[in-house]
Amino acid sequence: MAVDLLLGLQWGDEGKGKIVDYLTKNYDIIARFQGGPNAGHTLEFDGIKHVLHTIPSGIFHENSINLVGNGVVIDPVIFKRELDNLAKFNLDLAAKLVISRKAHLILPTHRLLDAASEAAKGKAKIGSTLKGIGPTYMDKTGRNGIRVGDLELPTWKEKYRSLADKHEAMIKFYDVDVQYNLDELETEFFEAVKVLKSLQFIDSEEYLHQAQVNQKKILAEGAQGSLLDIDFGTYPFVTSSNTTAAGACTGLGIAPNKIKEVFGIFKAYTTRVGSGPFPTELFDEDGKRMAKVGNEFGATTGRPRRCGWLDLVALKYAVHVNGVTQLMMMKADVLSGFETIKVCTAYQYNDQLISHLPYSIEEEYVQPVYQSFKGWKQDLTKVSKENDLPKELMDYIEFLENELQVPIKIVSVGPDRTQTIIR
Ligand code: GDP
Ligand code: IMO
Ligand code: MG
């Protein structure tokens, strides 16, 4: 039985949460494969908006199992908060939420180290969500990390103490002003660990293997976006995990030849939170309009998202790196009312015109070259059939499909589960 994979093709916040929730009816298991509470995945249905950070976006469907994979980093404190927010929905979390023993834990001192590292970088800061993601993955690859499975062993607190002491020494080394009360943070952390331990810990790679043997349908859920990938993103302004398709193999223990569909999600324009290059970024009225109509504020940090036109050069790159088989275009409704819609189809790179993503896309090397499309006036938020979409939007969609050579199967016209058009 094959596994399908869903991931973001830009700098995150493409609308992955909405689409995973929408697709869950077709799957038995939703498995998150990387990232941690830096993610903010928004779902809306029945007039309620939910934001998930670590818990997979299939959690609200009655028959789905939601798995937090080995590639994910878990902050028990934030996880507990997510569970508290779900309490009123009467979900049987003990049965439907399972956690890989091999997932790594974010300690309070990882968060402090993140803050110290960013403060020490000054103007060169990454714009991290400060959730401790970088330091936790550093401890993972440095072979010092504490994993969920360690919580079942009597020695884990000793391991914790020695790692937290080391972190404190490292925080001092940064020589920046980071205020904290570790006793308070630890009390909160150990309380949250107790709650985490009330859930099922599993050997998730074996679980997923058996699920495949038993013909279960699995959807792997990505976090962040392809341009934030540690290898293929706009390094160093990236996150610390592989957000691209390969991350689903390492983050779940799924073999590459078991992956069938790769669903690539992109906004009809582009956004980015935090620092780093963004060739099509707008600083004019058009950019402000996207931010306002699209309500572009980070679901995790509340920071305003930077906005700009669709970057087809970057999108093509993401489609290639991930082997995308189906595209999903989000937030088409936000472009209603623009006189002209632009798409970056090439870069002016030094003195050349190029159509691939070069090593550096900093603005001193790269200027976007645009193709313009006629806009449409019609409000799309109540449209439910492809035939009712304006001709100008269909021209835009067909142009993108032709350039990317991948079909756009879903067009999203609003945040609600029902505002989803299948093609
Ligand atoms: P994720 O991180 O990829 O899951 O995306 P986020 O939840 O961080 O950001 C997407 C935002 O856009 C959320 O506020 C969604 O509710 C909202 N959203 C998703 N799809 C649409 C859409 O088609 N139209 C509009 N207007 N909003 C959408
Ligand atoms: P979802 O899953 C958008 C960005 C941060 C920062 C950089 C590194 O909701 O799409 P980190 O905290 O990982 O050290 O931050 O990555 N970033 C995101 N941007 N959506 C996300 O997740 C993000 N997760 C991290 O803003 O620029
Ligand atoms: Mg998000």
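Remember, it's 1-based here, ligands and their atoms both numbered in the order they're listed.
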Element-labelled atoms of ligand 2 that are located less than 4.0 Å from some non-hydrogen atom of W11: 3 (C), 19 (N)

Contact check: V238 vs ligand 2, nitrogen or oxygen atoms, below 3.5 angstrom: no

Any G8 heavy atom less than 4.0 Å to ligand 2: no

Distance (rounded to the nearest 0.5 Å) between D395 CG and L400 CG: 11.0 Å

Trace of the salt bridge (charged side-chain N to carboxylate O under 4.0 Å, His left out) decision for D203 with R101: CA-CA 6 Å; D203 298 326; R101 289 200 171 88; 3.0 Å; yes

H41 N/O under 3.5 Å from ligand 2 N/O: yes

Heteroatom distance test (Q224, ligand 2): nitrogen or oxygen, under 3.5 angstrom: yes

Ligand 2 to S275 polar contact by distance, N or O atoms, under 3.5 Å: no

Atoms in ligand 2 with a heavy atom of L228 nearer than 4.0 Å: 4 (C), 16 (O), 17 (N), 18 (C), 19 (N)

Centroid separation Y137 to H104 less than 6.0 Å: no

Region of K131 engaging ligand 2 - heavy atom pairs below 4.0 Å: neither

Aromatic contact, F190 with Y160 (centres under 6.0 Å): yes

For R303, the ligand 2 atoms whose distance to one of its heavy atoms is below 4.0 Å: 5 (C), 26 (O)

Parallel, tilted or perpendicular, as decided by the 30° and 60° cut-offs, for the rings of F60 and H50: tilted

Within the protein, residues bringing a heavy atom under 4.0 Å of ligand 1, chain by chain: D13, E14, G15, K16, G17, K18, G40, H41, T42, E44, A299, R305, M330, K331, D333, V334, S412, V413, G414, P415

Per-atom contacts of ligand 2 with A39, taking only distances under 4.0 Å to non-hydrogen atoms: 1 (P), 2 (O), 9 (O), 22 (O)

Can you give the donor-acceptor pairs under 3.5 Å from side chains of residues 298-306 to other protein atoms, not counting sequence neighbours?
unit_1 : atom_1 : unit_2 : atom_2 : d
T300   : OG1    : N38    : O      : 3.3
T300   : OG1    : A39    : O      : 2.9
T300   : OG1    : G40    : N      : 3.3
T300   : OG1    : H53    : ND1    : 3.4
T301   : OG1    : R303   : N      : 3.4
T301   : OG1    : R303   : NE     : 3.0
R303   : NH1    : G127   : O      : 2.8
R303   : NH2    : G127   : O      : 3.2
R305   : NE     : D13    : OD2    : 2.9
R305   : NH1    : E296   : OE1    : 2.6
R305   : NH2    : F297   : O      : 3.3
R306   : NE     : E281   : OE1    : 3.2
R306   : NE     : E281   : OE2    : 3.1
R306   : NH1    : G274   : O      : 2.7
R306   : NH1    : G276   : O      : 3.1
R306   : NH2    : G276   : O      : 2.9
R306   : NH2    : E281   : OE1    : 2.9

K16: numbered ligand 2 atoms lying under 4.0 Å from its heavy atoms: 1 (P), 2 (O), 10 (O)

Check: T243/Q224 side-chain N/O donor and acceptor closer than 3.5 Å: no

D311 vs T270, side chain to side chain donor-acceptor pair (under 3.5 Å): CA-CA, chis, key distance, verdict: CA-CA 7 Å; D311 185 339; T270 311; over 6 Å; no

Backbone or side-chain N/O/S of G17 under 2.8 Å of the Mg ion (ligand 3): no

Ring geometry between W11 and F278 (parallel below 30°, tilted from 30 to 60°, perpendicular above 60°): tilted

N/O separation below 3.5 Å, D114 to ligand 2: no

Within 45° cone and under 6.0 Å: K25 NZ/CZ vs Y27 ring: no

Heavy-atom proximity to atom 5 (C) of ligand 2, best of G274, G127, A223: G127

